[in-house]
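Notes follow once the structure below has been shown.
Numbers restart at 1 for each chain; the letters A, B, ... are given by sequence-line order, proteins then strands.
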Protein chains: 2
Amino acid sequence: MSEALELDVGAAGDALNKLTIVFDRRRQVGDQIYDALKKSIVSLQLPPGVSISENRICRQIGVSRTPVRAAIIRLVEDGLIEVFPQKGSFVAPIKLSAVRNNHFTRKALEIAVLGRACLVWTPEVAARSRQILMRQAAALAEGDLERFHDLDEAFHRSFCSAAALEGVWSTIQIAKARVDRVHRLASGQGRLPLVITEHGDILEALDVGDAERAAERLDYHLERAPAIMETLLGTYEKYFVE
Amino acid sequence: MSEALELDVGAAGDALNKLTIVFDRRRQVGDQIYDALKKSIVSLQLPPGVSISENRICRQIGVSRTPVRAAIIRLVEDGLIEVFPQKGSFVAPIKLSAVRNNHFTRKALEIAVLGRACLVWTPEVAARSRQILMRQAAALAEGDLERFHDLDEAFHRSFCSAAALEGVWSTIQIAKARVDRVHRLASGQGRLPLVITEHGDILEALDVGDAERAAERLDYHLERAPAIMETLLGTYEKYFVE
DNA sequence: TGGACCAAACTTGTATACTAGCATCCATGT
DNA sequence: ACATGGATGCTAGTATACAAGTTTGGTCCA
């Protein structure tokens, strides 16, 4: 049993951003709010600076403040929301220093995982990654950006599965969440087809067992977003700090 | 203004574990409870399996359930507490798979950071790390284990400062928290003086600019705890799962 | 003595009420 | 006109009350 609710989260004076939450009574309310808010923030549907008033949100989706607060606590931990006691809670700006640090973190971990994956790279696991890549290409062709990003995540995650290091993914995911908004901004530049190409390059290197080249290709792939970021600083000045 | 309170957190039937919280009215209650609980869990003062009843804790330290819940939410995120709805909350057992994954994570990140630190290794930053090491040796000589572990953390963290990657430390810290209990168990084996030696080895390699050897020494240093863990599985069987 | 059942005492999840700090705006006084 | 002070309504932090499910322990009966 589930019901759809619509959440208006527009900041005063800003354009209204609508966030739809489909409630599933079996899952805890707090978890669902967390997922919905996180997705909206990472996808920039809730841009940096927007007010996340506990009262307004809980009124609009018809629950109490308690589960909303639980979700916000976790999002603060994720670095996606900033809370100023007695003043308000806001979608965190994109901190340049945090982007640098978490980009480093993500790259170091993904490259390390890739090294392990290369050691156990078999046609079976290769097929799994390649299938995700093909679905990602299809999503791009259909213009389904949300699915594109979901499959992008699945692709990178597949190396963790291959290396039997699934638990490392949760850490990568946290670092990734802190830099993903930059990727989203960068993806507005029509470079999405290159993502498919670069993913393919990584798989090719793995297929021939060239760990070094695979790592180099992954490095290159991940390094392009920060480079593009520099060019975005002017356009989206409001989103960034430091 | 602050006041000291004592918290009995003994599980039914177990020996009582006392946790003292010194409240500082300027800081938020939830944050202080989080710090206190985290420290007690990581230090094994609150061993795996112990019940963390929200009601009992909030009654004993004289606050409401709300800030206690806030702390628990964050500790769940850290993997240190498990919550079973309508059943109870307990100090999480040490999951072998999680230890493996987070050990991998921590090692990959610390080695990557060390590589960067080596590039900018100057006598000044070397002196900072070496001073921490000396204080750690002093803490060991005095038998102050708590300070020993605090300074151990400071030592590892100093490489992040040196590499201007302070933000990476927060990620390392999370992974570290998930494996630290193993280190604590292993430290009961009288190998603490070796920690000082190994830390010194890393600094020596950095001093001569040998990045590869520094990484190798760090790898060796971090790798010994999991090795010892195998021998502890029998003794502390109750603490582990999977 | 053993088993079944029920009640009471727990657990966490959620809702509501209250507190204290901060911002804004309007009224008042100079 | 301008500055100041205060009422008002916002914020998050904390406290309390209620709901719903689980465990436990004891009692009653066979």
Side-chain angles (χ1 to χ4, degrees), chain A residues 1-3 5 7-14 21 23-37 49-77 80-92, chain B residues 1-3 5 8-14 21 23-37 46 49-77 80-92:
Chain A
M1 187 191 315
S2 64
E3 66 184 292
L5 289 166
L7 170 60
D8 292 334
V9 285
D14 282 17
I21 293 189
F23 269 103
D24 179 347
R25 298 198 183 286
R26 290 165 311 209
R27 291 182 58 204
Q28 286 183 209
V29 180
D31 289 347
Q32 301 180 61
I33 297 174
Y34 170 78
D35 289 340
L37 281 178
V50 162
S51 159
I52 303 289
S53 163
E54 297 176 2
N55 272 309
R56 184 163 39 80
I57 290 184
C58 76
R59 271 199 308 268
Q60 295 202 1
I61 65 180
V63 299
S64 74
R65 270 181 64 205
T66 312
V68 174
R69 271 183 71 77
I72 290 180
I73 288 173
R74 294 168 63 187
L75 288 164
V76 168
E77 213 82 351
L80 295 177
I81 285 184
E82 282 180 348
V83 174
F84 302 93
Q86 275 68 51
K87 288 192 228 164
S89 305
F90 306 89
V91 176
Chain B
M1 189 189 315
S2 65
E3 65 184 295
L5 289 165
D8 293 334
V9 285
D14 283 18
I21 294 188
F23 269 105
D24 179 347
R25 298 199 183 285
R26 288 166 311 207
R27 291 181 57 205
Q28 284 183 210
V29 180
D31 288 347
Q32 300 180 61
I33 297 174
Y34 170 79
D35 288 339
L37 281 177
L46 259 47
V50 162
S51 160
I52 303 288
S53 163
E54 297 176 3
N55 271 310
R56 184 162 41 79
I57 290 183
C58 76
R59 270 200 309 267
Q60 296 203 1
I61 65 179
V63 298
S64 75
R65 270 181 65 206
T66 311
V68 173
R69 272 183 71 78
I72 290 180
I73 287 173
R74 295 169 61 186
L75 289 164
V76 168
E77 214 81 350
L80 295 177
I81 285 185
E82 283 180 347
V83 173
F84 301 94
Q86 276 68 48
K87 290 190 216 163
S89 305
F90 307 90
V91 175

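Atom pair A/Lys87:NZ and C/dC22:C1' shows a separation of 8 Å (rounding to whole Å applied). Rounded to an integer number of Å, the gap from A/Asn55 CG to C/dC18 P is 15 Å. Atom CD in A/Gln28 sits roughly 10 Å away from atom C1' in C/dT14 (whole-Å rounding). Atom pair B/Arg69:CZ and C/dT11:P shows a separation of 13 Å (rounding to whole Å applied). Atom CZ of B/Phe84 is separated from atom C1' of C/dC10 by 17 Å (rounded to the nearest Å). Separating the CD1 atom of B/Ile73 from the C1' atom of C/dG13 is a distance of 10 Å, rounded to the nearest angstrom. Regarding B/Arg56, its CZ atom lies at a distance of 12 Å from the C1' atom of C/dC10, rounded to whole Å. The distance from atom CZ of A/Arg27 to atom C1' of C/dT14 is 16 Å, rounded to the nearest whole Å.
Judged by distance alone, with hydrogens and angles left aside, the side-chain atoms of A/Gln32 form a donor-acceptor pair with the main-chain N or O of A/Arg27 at under 3.5 Å. Between the side chain of B/Arg56 and the backbone N or O of B/Ser51, at least one donor-acceptor pair lies under 3.5 Å.
In this structure, B/Ser53 and B/Thr66 both approach DNA chain C, and ranking their closest nucleotides by distance from the 5' end singles out B/Ser53.
With a heavy-atom cut-off of 4.0 Å to chain B, the contacted part of DNA chain D has its first and last nucleotide at D/dG13 to D/dT23.
At the phosphate of C/dT11, neither OP1 nor OP2 sits under 4.0 Å from any side-chain N or O atom of B/Ser51.
For the atom pair CD1 (A/Ile73) and CD1 (B/Ile73), the distance works out to 4.5 Å, reported to the nearest 0.5 Å. Residue A/Ser53 holds its OG atom at 9.0 Å from CD of A/Gln60, rounded to the nearest 0.5 Å.
Of the candidates C/dC18, C/dA15, C/dT11, C/dC18 carries the atom nearest the A/Arg65 side chain, counting heavy atoms from C-beta on.
Of the options B/Leu75, B/Ile72, B/Val29, B/Val68, a side-chain contact (heavy atoms from CB on, under 4.5 Å) to B/Tyr34 is made by B/Leu75 and by none of the others.
For B/Gln86 against C/dT12, a side-chain N or O and a base N or O form a donor-acceptor pair under 3.5 Å.
Here the closest non-hydrogen pair linking B/Ser64 and B/Cys58 is O-CB, 3.5 Å. Of all non-hydrogen atoms in B/Ala71 and B/Gly30, the two that sit nearest each other are CB-O, 3.7 Å.
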